[in-house]
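Each ligand, and each atom within it, is numbered from 1 in the order the structure gives. When reading the values below, keep in mind they use all heavy atoms of this one structure, side chains included, and skip hydrogens, waters and symmetry mates.
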Amino acid sequence: MPRYLVTGGAGFVGSHAVLALLDRGHEVVVLDNLSQGHRAAVPAAATLVEADLADAKRVAEVFASWRFDAVLHFAALSLVGASMREPLHYLAENVGHSLRLAEVAIKAGCLRFVLSSTAALFGEPDRVPIDEDCRIAPSNPYGDSKRMVEEGLAWAERIHGLRYAALRYFNAAGSDPAGRAGEDHDPETHLVPLAIDAALGRRPALTVFGDDYATPDGTCIRDYVHVSDLAEAHLAALRRLETHGSCRYNIGSGTGASVKEVIGAVERVGGRQVPHSIGPRRAGDPAVLVAASDRLRAETGWTPKLGALDDIVRTAWAWREAHPKGYGDRG
Ligand code: UDP
């Protein structure tokens, strides 16, 4: 039975990938320091190793204890705003941990690696929809940290024969349709959970960050991709790596939705108003970020099954309504 190491498997996207792997009958070892992830997000069928990637000895022990078919590396600092305040911390953690992890994996003979990368690689994109050949020009240290990791993996490919897949996520949202996992960040900064919580009266009114962009309704357009579809993209990438060399894929549903359209979807699905007001723009927000995922579709056969915005909102709403305190492990 294939066995996978999933770093950050207790986090939002990681936990959904763990479910997808387990659903296929694969064996999963999760490595997570639980700084942002949740113990309860790791299913009993997976083994949880509570450890920090900074602990090189512990990471080496994990590779000595199990033989892995591949590493799926989700664990990272991932907030754009925080990275603008602490650039060196972001770069040191994300780049250092990722490249050391790859090094240990290679030494242990594990030559397949799937990296959680990001649309933030593209900064202000030179064209939309954004395909893999668009200019890489991150406008914040978070995006740049992922660019550096991708480059490090490319060297490992040339020199050590590592096969890697760099998956550039656009806006992951929604939750497992069977209700087994959901989105629980602290602090929560993402639009879909904030809009739902505002509708449920659990948070103050939502602030829309600007309505004077050059878009049809003036609010920013993003490409929301269901987290379970995103998880499936990891399995598709793993299959691809069995027979092909390294790959880099942009992953989105291919259609954009504005902030106002997301609010409309939450109101439609939830049957409640989303109290909101218009505020100033958020620094660093490009007007439109939509992925061209044609390469992923053509090369792996991946296709989003829950691509409609209402599916994303429906599953996110169901989980948040059922879990008012999220995973319930915060004070
Ligand atoms: N957004 C907003 N109000 C909020 C949070 C987000 O208007 O309280 C907007 C944000 O400006 C962006 C979109 O919603 O255009 C998605 O933001 P999110 O933080 O969810 O994801 P990002 O695009 O930053 O990865």
In residues 106-118, what donor-acceptor pairs under 3.5 Å come from side-chain atoms, sequence neighbours left out?
residue, atom, partner, partner atom, Å
Ser116, OG, His73, O, 3.2
Ser116, OG, Tyr169, OH, 2.8
Ser117, OG, Glu150, OE2, 2.7
Thr118, OG1, Ala120, N, 2.9

Item checked: Aromatic contact, His190 with Tyr224 (centres under 6.0 Å) -> no
Notebook entry, point to check: Is Phe74 linked to Val18 within one hydrophobic cluster, defined over Ile, Leu, Val, Met, Phe, Trp and Tyr using a side-chain heavy-atom separation of less than 4.5 Å?
Noted result: yes
Which protein N or O atoms sit under 3.5 Å from any N or O of ligand 1? Give atom names and distances.
residue, atom, partner, partner atom, Å
ligand 1, 3 (N), Thr207, O, 2.7
ligand 1, 7 (O), Phe209, N, 2.9
ligand 1, 11 (O), Asp285, OD2, 2.5
ligand 1, 17 (O), Arg282, NH2, 3.4
ligand 1, 19 (O), Thr189, O, 3.4
ligand 1, 19 (O), Arg282, NH1, 3.2
ligand 1, 19 (O), Arg282, NH2, 3.2
ligand 1, 20 (O), Leu191, N, 2.8
ligand 1, 21 (O), Asn171, ND2, 3.1
ligand 1, 23 (O), Asn171, ND2, 3.0
ligand 1, 23 (O), Arg222, NE, 3.0
ligand 1, 24 (O), Arg282, NH2, 2.7

Checklist line | Qualifying residue, where the test is salt bridge (charged side-chain N to carboxylate O under 4.0 Å, His left out) with Glu299 and the options are Arg239, Arg240, Arg248 | finding: Arg240
Next item on the list: Taking the six-membered ring for Trp and the full ring for Phe, Tyr or His, determine whether the centres of Phe68 and Tyr4 are under 6.0 Å apart.
Entry: no
Next item on the list: Assess whether atom CE of Met148 is packed by more than 12 heavy atoms of other residues, nucleotides or ligands within 6.0 Å.
Entry: yes
